[in-house]
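Encoded as structure tokens, the structure appears first; notes follow it.
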4 protein chains.
Amino acid sequence: MAAGDTVITIVGNLVEDPELRFTPTGQAVARFRIASTPRFMDRQTNEWKDGESLFLTCNVWRQAAENAAESLQRGMRVIVQGRLKQRSYETKEGEKRTVYEVEVDEVGPSLRNATAKVNRTSRQGGGGGFGGGPADDPWASATPAPPAQGGGFGGGGGGFQGGGQQGGAQQGGGNDFSDEPPF
Amino acid sequence: MAAGDTVITIVGNLVEDPELRFTPTGQAVARFRIASTPRFMDRQTNEWKDGESLFLTCNVWRQAAENAAESLQRGMRVIVQGRLKQRSYETKEGEKRTVYEVEVDEVGPSLRNATAKVNRTSRQGGGGGFGGGPADDPWASATPAPPAQGGGFGGGGGGFQGGGQQGGAQQGGGNDFSDEPPF
Amino acid sequence: MAAGDTVITIVGNLVEDPELRFTPTGQAVARFRIASTPRFMDRQTNEWKDGESLFLTCNVWRQAAENAAESLQRGMRVIVQGRLKQRSYETKEGEKRTVYEVEVDEVGPSLRNATAKVNRTSRQGGGGGFGGGPADDPWASATPAPPAQGGGFGGGGGGFQGGGQQGGAQQGGGNDFSDEPPF
Amino acid sequence: MAAGDTVITIVGNLVEDPELRFTPTGQAVARFRIASTPRFMDRQTNEWKDGESLFLTCNVWRQAAENAAESLQRGMRVIVQGRLKQRSYETKEGEKRTVYEVEVDEVGPSLRNATAKVNRTSRQGGGGGFGGGPADDPWASATPAPPAQGGGFGGGGGGFQGGGQQGGAQQGGGNDFSDEPPF
DNA sequence: TTTT
DNA sequence: TTTT
């Protein structure tokens, strides 16, 4: 990173699937656009409301580009760290325009996504598929309430539902029950 | 988030598996420790060297806690956004100590991880499983392969290799071949 | 900045005057400690309350170190941008301790300080001094007064009151009257 | 601050003097534009070079707005912390445009400015004025001078030279002589 | 142009 | 105490 770069971290949802391309030298680049929507408490109605979204185009390079194209998808919530850049160009009509983009240093799917999971090593899961069946799913444990899954998740199957009610009022959350950290 | 919170974004590797606990009210909390290791170019030898690691304990709550415990693992590279906090306590010997911790707002596995992937919706993949062994891993191929592939990815297999040569010299990278973005 | 450094921006008040020292080679370093106190809206009482302070030691180098020692002072609100570092050492009793410190890249007094001002060029002010007492302080006036004024600013007066009730409820604020930006 | 806001810290130089306005309700707002220019080491020539500047418009409110209008000036280096926002509007020709702006939470002059200083209390300084001309400016001296000085600081003089060679190669600096912190 |  |  160059000294004096404007570092930015954005959390938002993909507005479209990432698009993967390759430079002439074979370098992978993925580009996607995310919408970051702040939520604020309306002090009148005591309800959470959405603020205006911030849209930003992000460019990822190399291995992460390929991974992004593979594993990210419209609707998913992601965390992006990068450097804010400005690019100037001329329209066909000869007008100067300037766009802001993020040169990505790190991206990843937010674990606040419905059931975004990454694969762990094979020692993890016995069976096929992904996620593990209910049987060996530690979340299924009776105690501290499973995050809700019926038969679900079992082998051969989808899993991730982009969308869903992720963020929600819990944003910035933490300890809404004034629980003490049990550590 | 409270006004005036000290927001921090950390990228680093899990030093241990996340530990999941529940508060008396049943709230999930996961805690893990990450090591963030800067790399700098040694101008003498013209080599990349590791700087001193920064270690930080992170606390995640709720759904993300459960997801973290499920999908993160020692060695993985993660992106964490949260608020830096200081906690003071007394040792048994009556000495005051203070620790710094991060109250996590967002975490996710970095897509610079070897083959960190999250599940996409079922419309995505035809077949069964997820992950796929190194042998059929399209990312392993040097040639710019298209992200979508036919049979691929099939069943029974681990997938993620924590560790590996992730970060590497490409840190902060981007466009080392002075390629133009192909967009 | 090394790649992978953990960048942090902290806003807080100096807990003590900066201390200036010089390395054997004559390099200036200033060190000071700041307290960053978040404020949150207590939803029960509908009042702003202070959260737990975060204390952090900051090291500034070179010119900025000298400027800091000269112009910063206990109580002042400052903005600090730097890299979070961990330093390990042994106590005299042989115990290992670790401290977190900020290697400062940029510091400056916050313009939310009571009357923190920096000097402008001489075309600005007619007269001698700087600061001006409360009586002739245009900022004290409720009516939107023009920033530049004739005689003003004259001589022999203190000016800055470190501490005081700066931040206040306006934190993160902006547009509390739902005014439209007049631009 | 709303949850989910995209926090940004920018360091750059004012491209123009701040413009101060007031909303109908009398709320002060200052607006200015800054240029943030990264520097990178050209590994071929082993020289520091300027990267492309990032330009961003910033809006400050209230007291800080008035202070900004008073104390900031074209050319000065400032630190800005705020929230990145997007504003959409239509041109007179009916075209939709979108601009990115920063809603400022904190601003201050960088202490890496040539001689940016803020006033300290009168207990500080013996004499009259503030600022001091270049001639008697202790910061101008190359030798590590003690921060406290006798008569010092005397009257009638400009002081701040906006622009100049601020940033310089020392960006991100710290400890270029591998000096140990003398603390 | 748009996500949740 | 420690990750890559």
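In what follows, chains are A, B, ... by sequence order, proteins preceding strands, each numbered from 1.
Between the CZ atom of R33(B) and the P atom of dT1(F) there is a distance of 9 Å, rounded to whole Å. Separating the CG atom of L14(A) from the C1' atom of dT2(E) is a distance of 11 Å, rounded to the nearest angstrom. The separation between I79(B) atom CD1 and dT3(F) atom P is 21 Å, rounded to whole Å. Whole-Å rounding puts the E16(A) CD to dT3(E) P distance at 10 Å. Taking atom CZ of R77(A) as the reference point, atom P of dT3(E) lies 16 Å away to the nearest angstrom. At whole-Å resolution of the value, CZ in F32(B) and P in dT4(F) are 15 Å apart. One atom, CD of E52(B), and another, C1' of dT1(F), lie 15 Å apart when rounded to the nearest Å. Rounded to whole angstrom, the span from the CD atom of E106(A) across to the C1' atom of dT3(F) amounts to 14 Å.
Residues V80(A) and F32(A) have side chains in contact (heavy-atom distance under 4.5 Å, counting atoms from C-beta outward).
Residues Y89(D) and T98(D) share a closest heavy-atom pair of CE2-N, 4.5 Å.
For N13(A), the side-chain atoms get nearest to dT4(E) when compared with the rest of dT4(E), dT2(E), dT3(F). Across dT1(F), dT3(F), dT3(E), the shortest atom-to-atom separation from the side chain of K96(C) is found for dT1(F). Among the nucleotides dT4(F), dT4(E), dT1(F), the one closest to any side-chain atom of D50(A) is dT4(E).
With sequence neighbours left out, the side chain to side chain donor-acceptor pair (under 3.5 Å) criterion links Q44(A) to no other residue.
In terms of phosphate contacts, R74(B) brings a side-chain nitrogen or oxygen within less than 4.0 Å of OP1 or OP2 of dT3(F).
Residue ring and nucleobase are stacked for F55(A) and dT2(E), with a centre distance beneath 5.5 angstrom and an angle between planes beneath 30°.
Salt bridge annotation for R31(A)-E103(A): absent, with no cationic side-chain nitrogen under 4.0 angstrom from a carboxylate oxygen.
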